[in-house]
Amino acid sequence: MSKKMLLAAALMVLASCAAEKERPFFRYCPNVRLVPEFSRMTQMAGKQQEAKIELVGYEGYCRTDIRNQTKAVVAPIFEVSRRTAASNEQVRFSYYTDTGDNKASLIGRQSHQVSVKVPAVNEKIMYQGDYTEIRIPDNAPGFAINMGLVLSDAQYRYNRTHGLK
C-alpha cells in the first residue's frame, strides 16, 4: 500500500512540474495610500469657510474574479461638516483613485463625484464612497493605489498655507 501512495505522490509531483504556470500560487493585495496633501479640503464662500471634508480612511478587500484575475475593491471614508447656516445642506466634492502610469491595463486615474447631506452646522458626518474595483497585476508586490480629494488650485494653496500637508 505504501508503494501505491509513493507512486501516486510521485505522479502528482511530475504532473505539477509539467503543468503550465499561468498564475502565481498566491496573490498580492495592493497598498492603498491616502495622499496627505490631497486628503483635506476646505470649501470657501468668499472669505468664509463653507464646508470641510477630510479623507480619513478606506474600506477594502481583494478577490479573484471568474477569469482568475485578482481585483482590489476599495471605498474611501470621509468626515464631512458644514461651517455656515447659509450654505446648502448638500456638500458636494470629488475624490479620485489612481493606479499610476499603467493606464492601458488598469484604471489610471478615475474621479468620482459625491453629494453628502449634512443637516446641521458643525455636525460631522461619516460618509463612505462607492466601491471601486481595480485590477491588480500578477506578481506585483507593493502595487499602490492612491486616493485623494480633487482640489482646485485655490484649495491646494489654502491647504499649503494652513499647514495641511
Side-chain angles (χ1 to χ4, degrees), residues 23-24 26-65 67-85 87-165:
R23 301 285 181 203
F26 57 91
R27 310 255 185 222
Y28 293 102
C29 263
N31 296 326
V32 178
R33 187 176 89 109
L34 307 178
V35 182
E37 58 266 23
F38 293 97
S39 63
R40 293 185 181 104
M41 176 192 299
T42 303
Q43 294 177 341
M44 304 293 282
K47 293 198 181 261
Q48 191 172 26
Q49 292 182 359
E50 193 170 55
K52 284 196 172 207
I53 300 104
E54 184 173 359
L55 177 57
V56 294
Y58 70 93
E59 182 177 302
Y61 59 91
C62 286
R63 69 174 189 83
T64 304
D65 67 8
R67 295 181 300 195
N68 203 25
Q69 176 63 55
T70 303
K71 298 204 173 180
V73 182
V74 294
I77 300 172
F78 302 97
E79 185 177 272
V80 183
S81 63
R82 272 190 316 133
R83 305 312 238 176
T84 63
S87 63
N88 188 349
E89 284 187 354
Q90 294 295 325
V91 176
R92 292 174 181 81
F93 60 95
S94 297
Y95 68 93
Y96 68 88
T97 52
D98 188 4
T99 59
D101 296 330
N102 194 354
K103 294 181 175 113
S105 60
L106 306 170
I107 66 166
R109 183 177 170 130
Q110 254 184 6
S111 292
H112 311 272
Q113 294 187 358
V114 176
S115 180
V116 179
K117 184 176 181 175
V118 183
V121 174
N122 292 326
E123 179 181 1
K124 292 182 179 179
I125 301 290
M126 297 301 284
Y127 175 80
Q128 180 177 319
D130 293 334
Y131 283 97
T132 302
E133 192 172 88
I134 302 163
R135 190 175 74 73
I136 304 303
D138 292 333
N139 297 325
F143 180 79
I145 298 173
N146 297 317
M147 293 178 116
L149 292 161
V150 177
L151 303 178
S152 68
D153 289 339
Q155 289 165 334
Y156 182 76
R157 281 193 307 275
Y158 180 89
N159 281 356
R160 301 292 286 176
T161 58
H162 289 82
L164 303 175
K165 298 177 185 175

(request) Go through the steps for Met126 and Val56 under the test side-chain contact (heavy atoms from CB on, under 4.5 Å), then give the verdict. (result) CA-CA 9 Å; Met126 297 301 284; Val56 294; 3.8 Å; yes

(message) Pair Gln110, Thr132 - check side-chain contact (heavy atoms from CB on, under 4.5 Å), show working.
(response) CA-CA 9 Å; Gln110 254 184 6; Thr132 302; 3.8 Å; yes

(message) Run the side-chain contact (heavy atoms from CB on, under 4.5 Å) test on Ile134 and Thr99 for me, step by step, so that the C-alpha distance in whole Å, both residues' side-chain angles and the decisive distance to 0.1 Å come before the verdict.
(response) CA-CA 8 Å; Ile134 302 163; Thr99 59; 3.5 Å; yes

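Here the side chains of Val74 and Tyr61 are not in contact, with every heavy-atom distance at 4.5 Å or above. With contacts defined as side-chain heavy-atom distances shorter than 4.5 Å, the pair Gln155/Leu149 does not qualify. Arg109 has its side chain within reach of Val150: a pair of non-hydrogen atoms, C-beta onward, lies under 4.5 Å apart. In this structure, the side chains of Asn159 and Glu37 stay at 4.5 Å or more apart for every pair of heavy atoms. Between Lys52 and Arg83, some side-chain heavy-atom pair lies under the 4.5 Å cut-off. Looking at Gln90 and Val116, their side chains never come closer than 4.5 Å, going by heavy atoms from C-beta outward. Residues Met147 and Val32 have side chains in contact (heavy-atom distance under 4.5 Å, counting atoms from C-beta outward).
Tyr127 and Glu79 are not linked by any side-chain donor-acceptor pair at a separation below 3.5 angstrom, with hydrogens and angles left out of the test. Arg33 and Asn146 share a side-chain donor-acceptor pair at under 3.5 Å. Remark: the Gln43 side chain and the Tyr158 side chain contain no N/O donor-acceptor pair separated by less than 3.5 Å. Looking at Thr84 and Glu50, their side chains never bring a donor and an acceptor atom within 3.5 Å of each other.
Here the shortest heavy-atom pairing between Ile77 and Glu59 reads CD1-N, 4.2 Å. The two atoms that bring Ala75 and Gly129 nearest to each other are CB-O, 3.4 Å, heavy atoms only. Counting all heavy atoms, side chain and backbone alike, Pro76 lies closest to Leu55 at CB-CD1, 3.6 Å. Across Val118 and Val91, no two heavy atoms sit closer than the pair CG2-CG2, 3.9 Å.
Other residues, nucleotides and ligands contribute over 12 non-hydrogen atoms within 6.0 Å of the CD atom of Glu123. Residue Asp65 places its CG atom among more than 12 non-hydrogen atoms of other residues, nucleotides or ligands, all under 6.0 Å distant.
In this structure, OG on Ser152 lies 7.5 Å from CE on Met41, to the nearest 0.5 angstrom. Here the CD1 atom belonging to Ile125 is positioned 14.5 Å from the CZ atom belonging to Phe78, to the nearest 0.5 angstrom. Here the CD atom belonging to Gln113 is positioned 4.5 Å from the OG atom belonging to Ser94, to the nearest 0.5 angstrom. Going from atom CZ of Arg82 over to atom CD of Gln49 covers 14.0 Å, rounded to the nearest 0.5 Å. The distance from atom CD1 of Ile53 to atom CZ of Arg92, rounded to the nearest 0.5 Å, is 11.5 Å. Within the model, atoms NZ of Lys71 and CZ of Arg63 stand 6.0 Å from one another, a figure rounded to the nearest 0.5 Å.
Side-chain atoms of Gln48 do not come within 3.5 Å of backbone N or O of Ala45 as any donor-acceptor pair.
A ring-ring contact (aromatic ring centres under 6.0 Å, His included) with His112 is found for exactly one of Tyr131, Tyr95, Tyr96, namely Tyr95.
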